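Taking it in order: structure first as structure tokens, then the write-up.
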Amino acid sequence: MREISSPAGQFAVHIVRRLHEAGFRAVFAGGCVRDWLLGREPKDYDVATAAHPQQVRRLFPHSLDIGAAFGVICVLGGRPAPDKPPVQVEVATFRRDAGYADGRHPDRVEYADEVEDVKRRDFTVNGLLYDPLKDEVLDYVGGRKDLSGRSIRAIGDPSRRFREDRLRMLRAPRFAASLDFKIDALTASAIRKEAPHIHDVSTERIREELSKMLTGPHPRHALELLKSLRLLKEVLPEVDALVGVEQPPRFHPEGDVWVHTLLLLKGLDHANVTLALAALLHDVGKPRTFVRAHDRIRFNEHEKVGAAMAEEILRRLAA
């Protein structure tokens with residue numbers, strides 16, 4: 001493993017060492033391990049530990065209670081620069097979750113060991129642990145194999161994972177697009193089956209996931225995955241309606257409105273959210289204004305219709 005040099009990474013190592021010195025097992029967990037193994041600098045670091053929240057608070061008084069009911073404490077460090085906010089690392093107690101009545105949050109949590117903690121997570125590539133003191137990767141779910149195979153695979157029973165937390169259905173295509181991975185066949189099949197239940201998730205969280213897809217790398221791939229997973233018609237039916245809407249070949253030799261929109265998104269990697277949404281919705285009014293007259297295709301006033309539709313979509317998503 002490469003040396004951990006970022007302020008957040010060094011602070012996370014300090015937290016692991018302090019917990020270890022106090023007699024508690026502690027490791028890096030989740031996306032930071034995935035990104036590190038892929039040779040990417042993690043955006044943030046998460047620590048998982050055997051210590052309970054009150055024990056973490058005693059060891060790190062400069063911390064925030066952001067989810068003690070779920071075993072999560074945010075530990076604050078120093079500022080990496082005078083104009084930067086304090087470094088933050090989330091420290092979560094090893095746990096297993098019980099019951100998901102709302103399809104989003106566990107009804108209760110029970111403290112457990114690291115193996116049980118990993119099993120309740122979403123995807124194998126996010127289920128890796130790393131002990132920075134021993135320089136040891138711990139893999140209880142086949143995450144390293146899926147990293148090598150560039151695959152997003154649910155941990156355990158895919159349908160169960162998505163019934164527990166419906167938002168995971170949107171996280172799968174986001175991870176697949178941003179990492180340029182494929183989605184495992186059984187995982188994809190479970191998403192298609194459960195897709196109508198995505199409405200159990202708040203519009204704000206749906207908007208957040210869509211925004212990350214549109215402003216990250218490969219937004220075109222993200223939209224294609226949403227379509228193939230039957231999620232697009234649930235979260236953006238107006239965009240799903242673009243598929244198969246013909247355009248005049250003379251002006252649009254590339255194909256229908258859907259293909260035209262995908263081509264535009266292809267050139268917008270890491271765009272800001274305003275530009276990305278404008279690109280996605282710029283022709284959303286064409287299906288409703290499609291007219292074929294005298295062997296010619298027209299979209300009379302589609303820009304006005306599309307503007308009204310876009311406003312309605314953004315209001316629905318609370319954007």
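Because the structure is a prediction, the values reported are computed rather than measured. The first residue of the sequence shown is numbered 1, and numbering continues consecutively from there.
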Heavy atoms only: give me the nearest [X]-[Y] pair and the separation to one decimal.
| X | Y | result |
| --- | --- | --- |
| Ala177 | His221 | CA-CD2, 3.7 Å |
| Pro237 | Arg316 | CD-NH2, 3.9 Å |
| Pro287 | Ala241 | CG-O, 3.7 Å |
| Glu41 | Ser6 | OE2-OG, 3.2 Å |
| Ile73 | Asp65 | CD1-CA, 4.1 Å |
| Leu231 | Ala195 | CD2-CB, 3.9 Å |

Under a 4.0 Å threshold between the charged nitrogen and the carboxylate oxygen, would [Y] count as salt-bridged to [X]?
| X | Y | answer |
| --- | --- | --- |
| Asp117 | Arg96 | no |
| Lys212 | Glu208 | yes |
| Asp139 | Arg144 | no |
| Arg207 | Glu204 | no |
| Arg220 | Asp269 | no |
| Glu301 | Lys304 | yes |
| Asp184 | Lys182 | no |
| Glu164 | Arg161 | yes |
| Glu246 | Arg292 | yes |
| Arg25 | Glu114 | yes |

With distance as the sole test, does [X] use its side chain to make a donor-acceptor pair with the main-chain N or O of [Y] at under 3.5 Å?
| X | Y | result |
| --- | --- | --- |
| Arg95 | Phe70 | yes |
| Ser189 | Ala185 | no |
| Asp256 | Gly244 | yes |

Starting at [atom1] of [X], measure out to [atom2] of [Y] and round the result to the nearest 0.5 Å.
| X | Y | atom1 | atom2 | value |
| --- | --- | --- | --- | --- |
| Leu275 | Leu280 | CG | CG | 11.5 Å |
| Leu229 | Glu194 | CG | CD | 13.0 Å |
| Thr49 | Ile15 | OG1 | CD1 | 10.5 Å |
| His52 | Gln54 | NE2 | CD | 7.0 Å |
| Gln88 | Tyr45 | CD | OH | 15.5 Å |
| Leu226 | Leu236 | CG | CG | 7.5 Å |

Do [X] and [Y] have side chains that get closer than 4.5 Å, going by heavy atoms?
| X | Y | result |
| --- | --- | --- |
| Gln55 | Phe24 | yes |
| Arg150 | Asp180 | yes |
| Phe94 | Val27 | yes |
| Leu133 | Arg17 | yes |
| Ile4 | Trp36 | yes |
| Phe123 | Ile155 | no |
| Arg166 | His199 | no |
| Pro53 | Thr93 | yes |

Are [X] and [Y] linked by a side-chain donor-acceptor pair shorter than 3.5 Å?
| X | Y | answer |
| --- | --- | --- |
| Thr187 | Arg153 | no |
| Thr124 | Asp146 | yes |
| Arg121 | Asn126 | no |

Would [X] and [Y] show up in the same hydrophobic cluster when neighbours are defined by side-chain heavy atoms closer than 4.5 Å?
| X | Y | value |
| --- | --- | --- |
| Val141 | Val137 | no |
| Leu167 | Ile183 | yes |
| Val243 | Leu262 | yes |
| Tyr130 | Val13 | yes |
| Val284 | Val273 | yes |

For Asp165, the option from Met169, Arg168, Arg163 that meets side-chain contact (heavy atoms from CB on, under 4.5 Å):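 For Asp165, the side-chain contact (heavy atoms from CB on, under 4.5 Å) test succeeds with only one of Met169, Arg168, Arg163, which is Arg168.
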Exceeds 12 heavy-atom contacts within 6.0 angstrom, atom [atom1] of [X]:
| X | atom1 | result |
| --- | --- | --- |
| Lys233 | NZ | no |
| Arg160 | CZ | no |
| His282 | NE2 | yes |
| Arg57 | CZ | yes |

Parallel, tilted or perpendicular, as decided by the 30° and 60° cut-offs, for the rings of His252 and His260: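 Ring orientation, 0 to 90° scale: perpendicular.
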Parallel, tilted or perpendicular: rings of Phe11 and His14 (30°, 60°):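 His14 and Phe11: parallel rings.
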Stepwise salt bridge (charged side-chain N to carboxylate O under 4.0 Å, His left out) check, Arg230 with Glu234: CA-CA 7 Å; Arg230 301 176 187 166; Glu234 300 294 339; over 6 Å; no
Summary of side chain to side chain donor-acceptor pair (under 3.5 Å) pairs that have at least one residue in residues 70-86, sequence neighbours excluded: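 As it turns out, there is no side chain to side chain donor-acceptor pair (under 3.5 Å) pair with a partner in residues 70-86 once direct neighbours are skipped.
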